[in-house]
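Report on one structure; see the data block that follows.
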Amino acid sequence: MGRAFVYVILGGGVAAGYAALEFAKRGVSPGELCIISEEPVAPYERPALSKGYLLPEVPARLPSFHTCVGANEERLTPKWYKEHGIELVLGTRVKSADVKRKTLLTATGETISYKILIIATGARALRLEEFGVTGSDAENVCYLRDLADANRLVDVMQSCTGGNAVVIGGGYIGMECAASLVINKINVTMVFPEAQFMARLFTPKIASFYEQYYVSKGVKFVKGTVLSSFEIDSNKKVTAVILRDGSRLPADMVVVGIGIRPNTTLFEGQLTLEKGGIKANGRLQASYESVYAVGDVATFPVKLIRENRRLEHVDSARKSARHAVAAIMDPEKTGEFDYLPFFYSRVFALSWQFYGDNVGEVIHFGDFTGGKFGAYWVHKGHLVGSFLEGGTKEEYETIAKATRLQPVIDDLAMLETQGLGFALAV
Ligand code: FAD
Ligand code: NAD
């Protein structure tokens, strides 16, 4: 039993939604394109899961955040796919792929063949068991990657009002979930191995601003350590988190955000991998001609940085997906993907954006006492990265534009004095 399509998108997340939009804009005939997704719903804007989805009042729920609403594009509901003749094969896991034969085998036993495959399988959350800690399947331990995880987190949160949550990990999930837990009136302690949170991106000075803000909201920090075990009661619920130094944190619930692994397994041994992802060229084409890779799972050349990178952010997923479709549908007119890395977050009343690369010397500017502030990264005499907290839409556009131009910086003191004004003048 099997079906055949011209184009198959494997994975039904953010990148899949934006690829579908681009296919529709460029024109695909009914029956030519199919999306296969393990998730039971049409592609949606995943960032909503740690923000609007967790609000205690008027939380975001589907269909309000299907792609591509997050980039001010159409909202692609299941009806939209039907109207455009795009097949959604949902709730279906692909269990093997044969790149040479151009076929995928689903867990339900169906063989789906394609002429062109776009791999958009994203990533999975790392589990504590991979670091030697057991007990993550307890009913009040939550991870957050998909809608099912988010529903579970909401249920557990609602049963813990006024109680204690331990958040494991000081990255994006930790930072955003801690804020959401506080908004849901839960006492939060964050535990992470680094000396500051968001160590992958924030400088100590930037981290210190957010940490102080979190402390003002009642969040406690236990830094420089990891958990060693859980105390679990007879109902299979965690009651406390035991840290490596032996200290004990009582817990009514636990949220774990300790990073991700790209979903590459189906293609290992068939496609070239790099930096944990599927290696793609500037057209997002993988090492086998008929296969493209986009979003979290792809490692592609970031021209501005002159390096191959795998990025784990929504803007990269959206734009790499659209570029891949452009390269497939209009190869003559589509050049190399020229991407400016863009990361952002919103927590409590705060909001920041970052563009470029965080290497080299850092120059901070602005008001770190609660006003507008930011930082520039200067590498080999050029501006290569910019961060801004509390900016307006125009100011964010300005730092993005300045960062893309990579202007020469020969006077760091002047950059510090000019602050945001420097980007405005570029
Ligand atoms: P995904 O969106 O993860 O989609 C992958 C899809 O592939 C899933 O539907 C999955 O089920 C499917 N799949 C995988 N393997 C198979 C298989 N074998 N068979 C069938 N289907 C399969 N980024 C930001 O820039 N800003 C944010 O504020 C932000 N917030 C986030 C909040 C949360 C809670 C999470 C988890 C991520 C957030 N991100 C954010 C990151 C962003 O969501 C990802 O970079 C983006 O979703 C990547 O898109 P993708 O399509 O590559 O992968
Ligand atoms: P992350 O890589 O941002 O942070 C992982 C954190 O886990 C580290 O900062 C570290 O503190 C901690 N850690 C690592 N190993 C640990 C261990 N053994 N024990 C305890 N802590 C450990 O990953 P994340 O926060 O899990 O986020 C998952 C994914 O979701 C990422 O791809 C991220 O980009 C994405 N995401 C992005 C946003 C955003 O861009 N605003 C928001 C949410 C999620």
Side-chain angles (χ1 to χ4, degrees), residues 9-19 35-51 53-54 67 70 89-97 104 106-107 118-128 130-133 143-150 153 167-177 180 190-194 196-202 223 225-228 243-244 255-267 277 293-298 310-318 320-321 341-347 352-354:
I9 303 170
L10 171 53
V14 172
Y18 283 79
I35 294 179
I36 313 174
S37 177
E38 195 167 8
E39 291 189 80
V41 293
Y44 57 88
E45 302 285 353
R46 200 165 301 282
L49 298 183
S50 52
K51 303 174 189 68
Y53 207 86
L54 304 182
T67 58
V89 182
L90 301 177
T92 304
R93 187 172 64 82
V94 166
K95 65 172 193 184
S96 67
L104 304 171
T106 71
I118 299 183
I119 304 171
T121 45
R124 66 172 179 84
L126 281 171
R127 296 189 64 87
L128 285 167
E130 293 167 72
F131 297 91
V133 176
Y143 289 82
L144 184 55
R145 183 70 202 179
D146 59 20
L147 203 60
D149 294 337
L153 176 55
V167 172
I168 310 286
Y172 286 94
I173 291 285
M175 188 172 180
E176 294 185 4
C177 287
S180 295
M190 293 185 73
V191 180
F192 48 83
E194 298 91 356
Q196 60 165 83
F197 75 179
M198 290 290 293
R200 279 208 291 168
L201 179 64
F202 288 1
K223 302 178 192 178
T225 190
V226 291
L227 82 166
S228 61
L243 304 182
R244 202 170 267 174
V255 178
V256 186
I258 56 169
I260 60 166
R261 272 287 173 280
N263 290 318
T264 57
T265 322
L266 293 173
F267 301 97
V294 295
D296 279 12
V297 78
R310 197 182 58 72
L311 299 167
E312 300 176 355
H313 293 275
V314 74
D315 183 66
S316 158
R318 291 169 179 157
S320 62
F342 165 42
F343 317 149
Y344 72 91
S345 183
R346 293 188 297 272
V347 286
W352 58 263
Q353 297 195 4
F354 170 85

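In what follows, residues are counted from 1 in the order of the sequence shown. Start at 1 and go down the list; that is how both ligands and their atoms are numbered.
Considering only non-hydrogen atoms, atom 6 (C) of ligand 1 lies nearest to G12 out of G122, A48, G70, G12. Evaluated by nearest non-hydrogen atom to atom 48 (C) of ligand 1, the leading choice among V294, V347, D296 is D296. Of the listed residues (A123, C177, A120, G11), the one carrying the non-hydrogen atom nearest atom 5 (C) of ligand 1 is A120. Considering each of R46, E312, R93, the one bringing a non-hydrogen atom nearest atom 41 (C) of ligand 1 is E312.
In terms of protein heavy-atom proximity, atom 11 (O) of ligand 2 is nearest to E194 OE1, 2.6 Å. Scanning the protein for heavy atoms near atom 32 (C) of ligand 1, the closest one is S50 OG, 3.2 Å.
Close approach to I260 involves these atoms of ligand 2, each under 4.0 Å from a residue heavy atom: 28 (C), 29 (C), 32 (O). Atom numbering of ligand 2 starts at 1 in the shown order; those under 4.0 Å from a heavy atom of G257 are 5 (C), 6 (C), 7 (O), 25 (O), 26 (O).
Heavy atoms of Y344 come nearer than 4.0 angstrom to ligand 1 in at least one pair. For the pair L144 and ligand 1, a heavy-atom separation below 4.0 Å is found.
Contacts between T92 and ligand 1, counted as non-hydrogen atom pairs separated by less than 4.0 Å, involve the backbone only. Contact annotation for V226 and ligand 2: only side-chain heavy atoms (C-beta onward) come within less than 4.0 Å of the ligand. Looking at P47 against ligand 1, both its backbone and its side chain come within 4.0 Å, counting heavy atoms. Only the side chain of L266 comes within contact range of ligand 1, with a heavy atom under 4.0 Å; no backbone atom does. With a 4.0 Å heavy-atom cut-off, ligand 1 is reached by no atom of R346. Using a 4.0 Å cut-off between heavy atoms, M175 makes no contact with ligand 2 at all.
Between E312 and R200, at least one side-chain nitrogen of the basic residue sits less than 4.0 Å from a carboxylate oxygen of the acidic one, meeting the salt-bridge criterion.
Listed for the T106 side chain is no donor-acceptor partner under 3.5 Å among the backbone atoms of T92. Of the possible donor and acceptor atoms, one in the side chain of E45 sits under 3.5 Å from a partner among the backbone N and O of G70.
By the 6.0 Å contact criterion, CZ on R124 is enclosed, its count of non-hydrogen atoms from other residues, nucleotides or ligands being greater than 12.
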